[in-house]
Amino acid sequence: MSKYNGITKQSIETDLNSYVTQETVSGVFKMVAEKESAIRDNSVFRTTSLLKKVFGAID
């Protein structure tokens, strides 16, 4: 890969553990963002007293 990176002037990462970790973290943040968006947009998703208290100011 170092020869390929040198010829193409690209930096291709070959560390599988790093790639999987980064993709997992990105996926978790994406899921959290989608859930938060649903909670903000639809009051039906505010099922606990804490969620009602935190997001109740929006209503």
Side-chain angles (χ1 to χ4, degrees):
M1 285 311 295
S2 61
K3 286 184 181 184
Y4 175 82
N5 287 342
I7 292 170
T8 62
K9 306 292 187 220
Q10 295 178 359
S11 178
I12 303 224
E13 183 63 43
T14 59
D15 183 9
L16 184 59
N17 288 330
S18 175
Y19 173 77
V20 169
T21 301
Q22 183 60 42
E23 290 298 310
T24 302
V25 170
S26 295
V28 168
F29 278 108
K30 181 179 178 183
M31 291 173 63
V32 168
E34 289 171 356
K35 187 71 171 178
E36 182 181 351
S37 178
I39 291 170
R40 288 181 184 276
D41 295 340
N42 192 343
S43 63
V44 172
F45 291 106
R46 299 177 201 151
T47 56
T48 66
S49 61
L50 179 61
L51 287 174
K52 290 176 184 174
K53 183 177 180 181
V54 171
F55 293 101
I58 296 172
D59 296 334

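Small disclaimer: the values here were computed from a predicted structure and weren't measured. The first residue in the sequence is number 1, and the count goes up from there.
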Note to self: Please say yes or no: joined through hydrophobic side-chain contacts below 4.5 Å, possibly via intermediate residues, are V32 and I39 part of one cluster?
What the structure shows: no
Item checked: Contact summary for R46 and L51, nearest pair of heavy atoms -> CA-CB, 4.1 Å
Check: Is the side chain of T24 donor-acceptor paired with the backbone N or O of V20 at a distance under 3.5 Å, no angle test?
Finding: yes
Margin query: Would you compute the distance between atom CD of E23 and atom OG of S18 and round it to the nearest 0.5 angstrom?
Written below: 10.0 Å
